[in-house]
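In what follows, every chain begins at residue 1, and chains take the letters A, B, ... in the order their sequences are listed. Because only heavy atoms are used, hydrogens play no part in the values below, and waters and symmetry mates are left out as well, while side chains stay in.
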Amino acid sequence: MNEHEEYLQEQNDLTKRRLEELEELKAKGANPYAYGFEVDRYSSDIVKSFKDDSPAEEVSVAGRIMSVRRMGKASFCHLQDSKGRIQVYLKRDDLGEVYDMFKLMDIGDFIGVNGFVFRTRTGEVSIHTKRLELLTKSVRPLPIVKEKTDEQGNKTIYDPFSDKELRYRQRYVDLVVNPEVRSAFEKRARVVSTVRRFLDEKGYLEVETPVLQPLYGGASARPFVTHHNALDVDLYLRISDELYLKRLIVGGFEGVYEIGKDFRNEGMDKSHNPEFSMLELYVAFKDYNWMMNLVEELVHSVSMNVTGSPKVKAGDNEIDFTPPWKRITMLDSITEAAGEDLAGKSEVELAALAKKHHVEVDPSMGYGKIIDALFSELVEPNLIQPTFITDYPVEMSPLAKRHRSKLGLVERFELICNGHELANAFSELNDPLDQRSRFEDQARLRARGDEEAMVIDEDFLRALEYGMPPTAGLGIGIDRLTMIMANQPSIRDVIFFPQMKPEK
RNA sequence: GGGGCUGUAGCUCAGUGGUAGAGCAUCUGCCUUUUAAGCAGAGGGUCGUAGGUUCGAUCCCUACCAGCCUCACCA
């Protein structure tokens, strides 16, 4: 048995049948893998612009066959291109031998069609085919999804392609068959392009910094490790861009941003993927108050561009991004939720308060960690409308500048929306001595076994010693922003190829 | 890592301790404006993998693999 025969042997009957058709088509002189086709219109544009009283228009379209209805000497099929679908009418009288070739074509095949636009008796705008070309033969059967639209315009889907494992592993099939998937990713692209345009118009410079780093930093997370053979050194995939972008502020750029992938070696769930996209922005001579205004403007602009409205549906909630948004300090937000004033409370008193509200604490947790636990449990899940939480304990924020008037706090805010963190920002710490002592605190945590504590970056400290101007910094998770804008409950639905265990 | 649910035809799913089922898809026949096309007929399966119990396992048991949900951990 030769290789080709072995391959045939392994295939199921549906694929075998298609491989036979492929040979028959070749025998009839068709090239089942053609080189191109002149397209002049998109399906949905033709349907939209059709007018019954205008003279018949000639069009050329190309796409995949998504349904076929054969009735002896005439057939209908639906052709799907990147904009939608249009019905195609094929008649033996018009096509002759080509009509016999069409009998060898299947759902999934790419065809090119040239003909004139008309409306059928049943009212559907269609193309009356004059010329038909096979562009690509599909030898593996697609899932067949049928839908019916009733008089009220309600769609019923029959036999949906819904197995999540198959959808993620074979996203190409998911995209062909489930139009709403394509639409979510188109929204993702618009999120990114809006952010980029917004920041470019403000005059900030888009830059690229290393993904492979000798030291990782800028966030609390475990990294991926890799190895450079020629240098014989271990390198880390970045967990954030922060320390490199701040070096660029030291170097004299007054506004820099980067949109790129970060990598964190942690668990996965519906809001975490090991690689994810992050926007980071640093602007000289500004502080976190200024940055809050910018974030309001930026996210509002994304919402308008992506959804056409400042109001966005997220599951059962409607989120309104019209500025200004609520701003409240972290302590006040806990005070509000717990109904007890936190001001001046000691660590012991806080721990007692936590127990009272059934928030788990253990003796190893310091003041900052208890505050964080209280916040995560009592406040964060209930924040649906965009809210700035400000002024975090210094222990939680080793790269943020101390608050100008509140002892033990830093000038930091997070934007919480729909119960999740969407952005994180601070007035950047630029005192090299303070930064060194914060790194050293982190090193002590690390020595005690905190694998996520930051490592000391001497080169970054050296840069700060040369002087970094007052700077406001921001990070926004692009995936999570997209989840909200596209109303997708899982990060896997806004990442084309989410991380999966290997297929066995 | 803990708990729950799931894995049967290309897709979506029923089902039973004794020869494996449906709809759609596929194939054959009829049909030149149909549309979840229709009518008549046909083919298609290692029932996730490996063990065990049993005369006999797709079904019961165990382990493993994969997926989803959830909790924990984590930003």
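Within the 4.5 Å cutoff, the side chain of I65(A) has no heavy atoms near those of the L79(A) side chain.
The shortest distance between the side-chain N/O atoms of K146(A) and the OP1/OP2 oxygens of rG23(B) is not below 4.0 Å. An OP1 or OP2 oxygen of rC73(B) is reached within less than 4.0 angstrom by no side-chain nitrogen or oxygen of R222(A). Residue R69(A) has no polar side-chain atom (N or O) positioned under 4.0 Å from OP1 or OP2 of rU34(B).
Y288(A) and D391(A) are linked by a side-chain donor-acceptor pair at a separation below 3.5 angstrom, with hydrogens and angles left out of the test.
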For nucleotides 26-33 of chain B, print each protein N/O atom paired with a nucleotide N/O atom at under 3.5 Å, atom names and distance only.
| unit_1 | atom_1 | unit_2 | atom_2 | d |
| --- | --- | --- | --- | --- |
| rC27(B) | OP1 | E21(A) | OE2 | 3.4 |
| rC31(B) | N3 | G72(A) | N | 3.4 |
| rC31(B) | N4 | G72(A) | N | 3.2 |
| rU32(B) | OP2 | K73(A) | N | 3.4 |
| rU32(B) | N3 | D93(A) | OD1 | 3.3 |
| rU32(B) | N3 | D93(A) | OD2 | 2.6 |
| rU32(B) | O4 | D93(A) | OD1 | 2.2 |
| rU32(B) | O4 | D93(A) | OD2 | 2.7 |
| rU33(B) | O2' | R121(A) | NE | 2.9 |
| rU33(B) | O2' | R121(A) | NH1 | 3.0 |
| rU33(B) | O2 | R121(A) | N | 3.0 |

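Across P381(A) and S376(A), no two heavy atoms sit closer than the pair CD-O, 3.2 Å. Residue L142(A) comes nearest to G108(A) through the heavy atom pair CD1-CA, 3.7 Å, listed as atom of the first residue, atom of the second, then distance.
One atom, CG of N273(A), and another, P of rA75(B), lie 16 Å apart when rounded to the nearest Å. Summarising the geometry, the separation between CG on N178(A) and C1' on rU12(B) is reported as 12 Å, rounded to the nearest angstrom. Atom-to-atom, OH of Y172(A) to P of rG10(B) comes out at 16 Å; the value is rounded to the nearest Å. In this structure, M268(A) places its CE atom 11 Å from C1' of rG67(B), rounding to the nearest Å. rC24(B) atom C1' lies 14 Å from atom CE of M66(A), rounded to whole Å. Between Q170(A) atom CD and rG67(B) atom C1' there is a gap of 14 Å when expressed in whole angstrom units. Atom CZ of F276(A) is separated from atom C1' of rA75(B) by 8 Å (rounded to the nearest Å). The separation between I491(A) atom CD1 and rC74(B) atom P is 18 Å, rounded to whole Å.
Across all strands shown, S271(A) has no heavy atoms under 4.0 Å from either base or sugar-phosphate atoms. Backbone-only engagement by L166(A) is indicated by non-hydrogen atom pairs under 4.0 Å involving sugar-phosphate atoms exclusively. Within 4.0 Å of E266(A), counting heavy atoms only, lie sugar-phosphate atoms of the nucleic acid but no base atom. Across all strands shown, D163(A) has heavy atoms under 4.0 Å from sugar-phosphate atoms exclusively, and none from any base. Residue-level contact check: S75(A) touches neither bases nor backbone, having no heavy atom under 4.0 Å from any strand. Heavy atoms of R167(A) sit nowhere under 4.0 angstrom from any nucleic acid atom. Among the protein residues, E452(A) comes within range of the sugar-phosphate backbone only, with heavy atoms under 4.0 Å from sugar or phosphate atoms but none that close to a base.
Look at the C1' atom in both rA14(B) and rA75(B): the space between them is 44 Å, to the nearest Å. Separation of the P atoms belonging to rC47(B) and rU19(B) is 14 Å when rounded to the nearest angstrom. Nucleotides rC5(B) and rA9(B) have their P atoms positioned 22 Å apart, rounded to a whole Å. Between rG44(B) and rA22(B), the distance separating the two P atoms is 13 Å to the nearest Å. Between rA40(B) and rU33(B), the distance separating the two C1' atoms is 24 Å to the nearest Å. Taking atom P on both nucleotides, rU49(B) is separated from rG7(B) by 13 Å, rounded to a whole Å. On the C1' atoms, rC24(B) is 15 Å away from rG38(B), given to the nearest whole Å. Between the P atoms of rA37(B) and rG23(B), the separation comes to 16 Å (whole Å).
Salt bridge annotation for D441(A)-R438(A): absent, with no cationic side-chain nitrogen under 4.0 angstrom from a carboxylate oxygen. Contact check on K28(A) versus E24(A) returns no salt bridge, with no Lys/Arg side-chain nitrogen under 4.0 Å from an Asp/Glu carboxylate oxygen.
Mapped onto RNA chain B by nearest heavy atom, K501(A) and G267(A) fall at different nucleotides, with K501(A) at the one closer to the 5' end. Where Q499(A) and E147(A) each meet RNA chain B at their nearest nucleotide, the meeting point lying more 5' is that of E147(A).
Taking the ring centre of F102(A) as origin, the terminal cationic atom of R70(A) falls inside the region bounded by 6.0 Å and 45° from the ring axis.
Without hydrogens or angle criteria, N114(A) side chain to R131(A) main chain gives no donor-acceptor distance under 3.5 Å. With hydrogens and angles disregarded, a donor-acceptor distance shorter than 3.5 Å links the side chain of D163(A) to the backbone of L166(A). For the pair S397(A) (side chain) and L399(A) (backbone), a donor-acceptor distance under 3.5 Å is absent.
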Run the side chain to side chain donor-acceptor pair (under 3.5 Å) check on T120(A) and Q87(A) step by step: do they pass? CA-CA 10 Å; T120(A) 64; Q87(A) 181 168 258; 4.6 Å; no
Treat a base pair as Watson-Crick or G-U wobble with both distances under 3.5 Å, then lay out RNA chain B in dot-bracket form, 5' to 3', with | for cross-strand pairs. (((((((..((((....[..)))).(((((.......))))).....(((((..]....))))))))))))....
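Here the nucleotide nearest the side chain of R412(A), chosen from rC69(B), rA75(B), rU34(B), is rA75(B). The side chain of R264(A) approaches rA75(B) more closely than any other nucleotide in the set rG67(B), rA75(B), rA25(B). Distance from the side chain of P141(A) is smallest for rG10(B) among the nucleotides rG10(B), rA75(B), rU35(B).
Between H128(A) and F116(A), the two ring planes are parallel [angle under 30°; tilted spans 30° to 60°].
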